[in-house]
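Note on naming: letters A, B, ... go to the chains in the order of the sequence lines (proteins, then strands), and numbering restarts at 1 for each one. Keep in mind that this is a model prediction, so the values were computed, not measured.
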Amino acid sequence: AACWTAGHPAPYLHLARTFDLVEREKGKIKTTAMLCNMFRSLLALSPDDVLPAVYLCTNKISPDHENMELNIGGSLVISAMEESLGTSKSKIHEMYKTYGDLGDVAQECRQNQTLLAPPRPLSVRDVYSTLRKLSAISGGGSAGRRKILVLHLIRSCREMEMKFLVRTLVRNLRIGAMMKTILPALAHAVVLHEKCSTGPVVSLEGVKSQLQSLSTEVTEAYNVIPNMDLLVPSLLCEGATFAASSLAMVPGTPIPPMLARITNGVTQALKLFHGRAFTCEYKYDGQRAQIHRLTDGSVQIFSRQMKDSTSRFPDLVNMIKELCNSEVASFILDAEVVGIDRNKGNRLMSFQELSSRERGSKNSSIAIQNIKVDICVFVFDIMFCNGQR
DNA sequence: CCTGATGCGTC
DNA sequence: GTCGGAC
DNA sequence: GTCCGACGACGCATCAGG
């Protein structure tokens, strides 16, 4: 039951209605089916909206390593709500204490509001591109310019769009569905879309196994290259023949880290090995770092959350470049960066001291001569080297 | 130029 | 990082 | 047991407002 016509931009309402269904349903199989249906409509009527929809579903606006942030929080949203919903800040704060969710507050305010004219409909791509615009705003008067964009969005909301738009703006979508639900839903949609349009009659068992296998492929592909800008176009182009092997691990795109597991203590852990030889690693009190060297010789550093931290560690970048054997073309290392006091017998410093380092930002690295906390690095894994593994 | 508010990322 | 709920 | 989202402490970056 699509609510728009082929070739036109999909309305944001299409997403909001799906979110509303998904939020009420707690069973994972059913929520996957709902999201799958939503994607099937997009595939059939406006496939260009699939990528923006994936981003809106997962509450992201770009791959993690591009460090794109909205720079919007509850404060600015409340201020925009006050202006566009005719409710005072104090009333909003009061309602927030009761509801515990700013999106629910906004929805409630909207329902008590009488509109003179119906809002101009929001499309999926408009919402997404406005979020990208918001992230690009900076400098003097930036709060005001952000607020104008937010006001436009809020004033255009229909039905339950308000709830999910506001939740998106404060980055708390709360639909209980992230990558582990969205990716299978998208994969299922691609399979069913093909079955529908090309139409050879296949057995129920055949379809089920195709759903399962494409779902696995897409999930594996995301675990190697967590970048929807690359994955979605590739998936749409190849359809059910999409294979994870078509995307390879590439320096410059961070890999989701295998986090160290918690155990019940040394004795318990030792039992797992039955006296066989093993290695262990000290738990350093620093910051996780994934170190990439690209084939062009450049070096990039990523955090545990796969954010680009290169601008924070120019000294580490130089260390790596100097240590590099020229015949090593490219690699990905898993490591821990720890603060170190080279004037006091190389004493390792606490996490807190390391964290007092300057941070730089998206476009500017910190100055190497201003660095007050030296660092050292403990490498504990080589995840990739010259195209291997 | 300084200070507080706001937003973000790390553990 | 910790905690507690859902499975 | 495992997963995952909510939560907290702390520090830096940026901007508004004086």
So that I can tick it off, tell me whether A/Glu353 and A/Arg347 are bridged by a salt bridge, with the cut-off set at under 4.0 angstrom between side-chain N and carboxylate O. yes
Minimum heavy-atom distance between A/Ser84 and A/Ile154, given as atom pair plus value: OG-CG2, 3.2 Å
Looking at D/dC3, I'd like to know if its phosphate oxygens (OP1 or OP2) sit under 4.0 Å from a side-chain N or O belonging to A/Lys28. no
Round to the nearest Å and state the distance from A/Ile72 atom CD1 to B/dC8 atom P. 8 Å
As a quick check of understanding, evaluate side-chain contact (heavy atoms from CB on, under 4.5 Å) for A/Arg288 and A/Ser303, giving each step before the final call. CA-CA 6 Å; A/Arg288 190 76 168 271; A/Ser303 74; over 6 Å; no
Kindly check if the number of other-residue, nucleotide or ligand heavy atoms within 6.0 Å of CZ (A/Arg171) is above 12? yes
List the atom of A/Ala143, the atom of A/Leu76, and the distance in Å for their closest heavy-atom pair. O-CD1, 3.7 Å
Nearest-Å distance, CG (A/Leu76) to P (B/dG7)? 7 Å
Please report the shortest heavy-atom distance between A/Leu131 and A/Ile61, naming the atom on each side. CB-CG2, 3.8 Å
Given A/Phe351, A/Phe378, A/Phe380, the one that forms ring pair (Phe, Tyr, Trp, His ring centres under 6.0 Å) with A/Tyr284: A/Phe378
If you compare every side-chain N and O of A/Lys180 against the phosphate oxygens of D/dC4 (OP1, OP2), does one of them come in below 4.0 Å? yes
Provide, to the nearest angstrom, the distance between the CG atom belonging to A/Asn59 and the P atom belonging to D/dG5. 12 Å
d(NZ, A/Lys89; C1', B/dA5) in whole Å: 13 Å
Euclidean distance, A/Met68 CE relative to A/Asp308 CG, rounded to 0.5 Å: 13.0 Å
When we call it a touch if two heavy atoms are under 4.0 Å apart, what does A/Asn172 touch: a base, just sugar-phosphate, or nothing? sugar-phosphate
What class does the angle between the rings of A/Phe302 and A/His292 fall in, given that below 30° is parallel, 30 to 60° is tilted and above 60° is perpendicular? perpendicular
When rounded to whole Å, the CD1 to C1' distance for the pair A/Ile78 and B/dT6 reads 12 Å
Could you check how far CD1 of A/Ile29 sits from C1' of C/dC7, rounded to whole Å? 12 Å
Nucleotides 8-18 of chain D: protein proximity per nucleotide (B base, S sugar-phosphate only, - neither; heavy atom, under 4.0 Å): --SBSSSSS--
Report each atom pair, protein N/O against N/O of nucleotides 4-6 of chain C, whose distance is under 3.5 angstrom.
none

In whole angstrom, give the distance that lies between atom CG of A/Asp101 and atom P of D/dG5. 16 Å
Tell me the interatomic distance from A/Lys307, atom NZ, to B/dG7, atom P, rounded to whole angstroms. 17 Å
Students often get this wrong, so: under 4.0 angstrom with heavy atoms, is A/Leu354 touching a base, only sugar-phosphate, or nothing? nothing
